[in-house]
Amino acid sequence: MVNDGWMTPRYKVTLTEEERGQLEVLTRSGKTAASKFVHARALLLCDAGPQRSPWKVADVAEALGVTSRTVEHLKERFVEEGIQAALERKPRTKPPKITFDGAFDARLTALACSPAPAGRARWTVRLLAEKVVELKIAPKVSAMSVHRALKKMSLSLT
C-alpha cells in the first residue's frame with residue numbers, strides 16, 4: 001500500500017529544531033550532493049512538527065522529481081533509523097557484480113582463437129564460458145558476458 005497523498009501517512013516526520021537547521025544548511029550550501037539535497041528537501045517538506053503543515057507525499061514527490069514510493073521509503077528510514085540513515089545511501093546488501101578487465105578480455109580472446117575442443121567444430125559462447133571458469137580465468141561468468149566481451153572486441157565465433 002503506497003501513500004499517494006490522500007491517506008493518513010504511515011510514517012510521520014517530526015523534525016527537531018536542530019535537525020531542521022541541519023537540513024536547511026544542506027539545502028542552502030550549494031555543495032551538497034544531488035541525492036542528499038533531494039532527501040533533505042523532502043524531509044523539510046514532510047515535517048509535521050508544531051506550527052508546520054506537511055506537504056502531501058504526492059506533492060513532495062512531484063515537486064522534487066521523485067516517486068511517491070521514494071518519499072515513503074525516505075520517511076520510513078528517517079523514523080526508524082534517524083536523520084543520517086535518511087540522508088545517506090543505504091549500504092549494499094549484496095556484493096557488486098563482477099566486472100571484467102582488459103586481462104580477462106585478452107585471455108578470452110586467446111581462448112576463442114585457440115583450436116576448438118576435441119569433438120567440436122568451433123567454440124560456442126557457452127563452451128567458452130564453461131572453459132573460462134574451468135581455467136580459473138574468472139570465478140563465474142555467464143554466456144551473455146562472454147558474448148558481450150567478444151562483441152566489444154569485434155570477434156565472431158563463426
Side-chain angles (χ1 to χ4, degrees), residues 1-4 10-11 13 15 18-46 55 57-158:
M1 179 172 85
V2 175
N3 182 356
D4 60 4
R10 278 195 207 167
Y11 294 95
V13 174
L15 298 170
E18 181 185 329
E19 290 171 334
R20 188 165 189 76
Q22 181 184 352
L23 293 174
E24 285 172 348
V25 166
L26 283 174
T27 59
R28 292 188 180 135
S29 73
K31 298 209 183 283
T32 306
S35 62
K36 194 178 237 185
F37 173 87
V38 169
H39 291 177
R41 191 78 191 109
L43 288 172
L44 286 169
L45 294 173
C46 291
W55 286 30
V57 170
D59 295 338
V60 172
E62 187 176 334
L64 297 176
V66 295
T67 63
S68 295
R69 177 175 244 161
T70 298
V71 177
E72 281 296 336
H73 285 158
L74 176 67
K75 288 169 56 176
E76 178 182 358
R77 273 200 321 273
F78 173 78
V79 170
E80 293 184 356
E81 301 173 41
I83 193 167
Q84 284 310 116
L87 293 175
E88 302 294 326
R89 273 187 82 143
K90 288 193 296 187
R92 283 179 180 259
T93 54
K94 62 181 184 178
K97 69 178 191 172
I98 299 170
T99 54
F100 301 108
D101 56 4
F104 170 82
D105 291 343
R107 293 184 71 187
L108 178 62
T109 302
L111 186 59
C113 293
S114 69
R120 299 290 187 143
R122 61 185 174 88
W123 283 104
T124 64
V125 175
R126 193 168 281 146
L127 275 174
L128 283 169
E130 290 169 2
K131 195 67 171 176
V132 162
V133 173
E134 182 184 317
L135 294 173
K136 294 185 173 49
I137 296 171
K140 65 179 184 177
V141 64
S142 69
M144 200 65 215
S145 293
V146 169
H147 171 73
R148 278 193 295 269
L150 294 173
K151 186 175 179 182
K152 180 174 70 175
M153 295 178 287
S154 300
L155 274 175
S156 173
L157 294 177
T158 55

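The model shown is predicted, which means the values in this text are computed figures rather than measured ones.
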>> Please report the interatomic distance CD(Glu72) to OG1(Thr67), rounded to the nearest 0.5 Å.
In response: 10.0 Å
>> Can you tell me if Gln84 has over 12 outside heavy atoms packed within less than 6.0 Å of its CD?
In response: yes
> Which heavy atom in Leu15 sits nearest to a heavy atom in Leu43, and how many Å separate them?
Replying inline: CD1-O, 3.8 Å
> Can you find a heavy atom in the side chain of Leu74 that is under 4.5 Å from one in the side chain of Val38?
Replying inline: no
Taking only distance into account, with no hydrogens and no angle test, what donor-acceptor pairs under 3.5 Å do side-chain atoms of residues 106-117 form with protein atoms, sequence neighbours excluded?
unit_1	atom_1	unit_2	atom_2	d
Thr109	OG1	Asp105	O	2.7
Ser114	OG	Leu111	O	2.5

> Atom NZ in Lys152, atom CZ in Arg148: separation rounded to 0.5 Å?
Replying inline: 10.0 Å
>> With rounding to the nearest 0.5 angstrom, report the CZ to CZ distance, Arg41 to Arg28.
In response: 8.5 Å
>> What's the separation between atom CD in Gln22 and atom CD1 in Ile83, rounded to the nearest 0.5 Å?
In response: 4.5 Å
> Which pair of non-hydrogen atoms, one from Pro139 and one from Val133, has the smallest distance, and what is that distance?
Replying inline: O-CG1, 3.8 Å
> Is any side-chain N of the basic residue among Arg20 and Glu24 closer than 4.0 Å to the acidic one's carboxylate O?
Replying inline: yes
> Can you name the closest pair of heavy atoms from Val71 and Cys46 and give their distance?
Replying inline: CG1-SG, 3.9 Å
> Minimum heavy-atom separation for Lys140 to Phe100, with atom names?
Replying inline: O-CZ, 3.9 Å
>> Is there a side-chain contact between Glu81 and Glu76 in this structure, where contact means two heavy atoms from C-beta onward sitting under 4.5 Å apart?
In response: no
> Which value, rounded to the nearest 0.5 Å, describes the distance between His39 atom NE2 and Thr27 atom OG1?
Replying inline: 14.0 Å
> Which pair of non-hydrogen atoms, one from Ser68 and one from Ala58, has the smallest distance, and what is that distance?
Replying inline: OG-CA, 3.8 Å
> What is the minimum heavy-atom distance between Trp123 and Lys131, and which atoms define it?
Replying inline: CH2-CG, 3.9 Å
>> The test is side chain to side chain contact (heavy atoms under 4.5 Å, CB included); show your working for Lys36 and Glu88 and say whether it passes.
In response: CA-CA 7 Å; Lys36 194 178 237 185; Glu88 302 294 326; 3.0 Å; yes
>> Under a 3.5 Å distance rule, please check whether Arg126 uses its side chain to pair with a backbone N or O of Ala143 as donor and acceptor.
In response: no
> Hey, what do you get for CG (Leu64) to CG (Asp59), rounding to the nearest 0.5 Å?
Replying inline: 10.5 Å
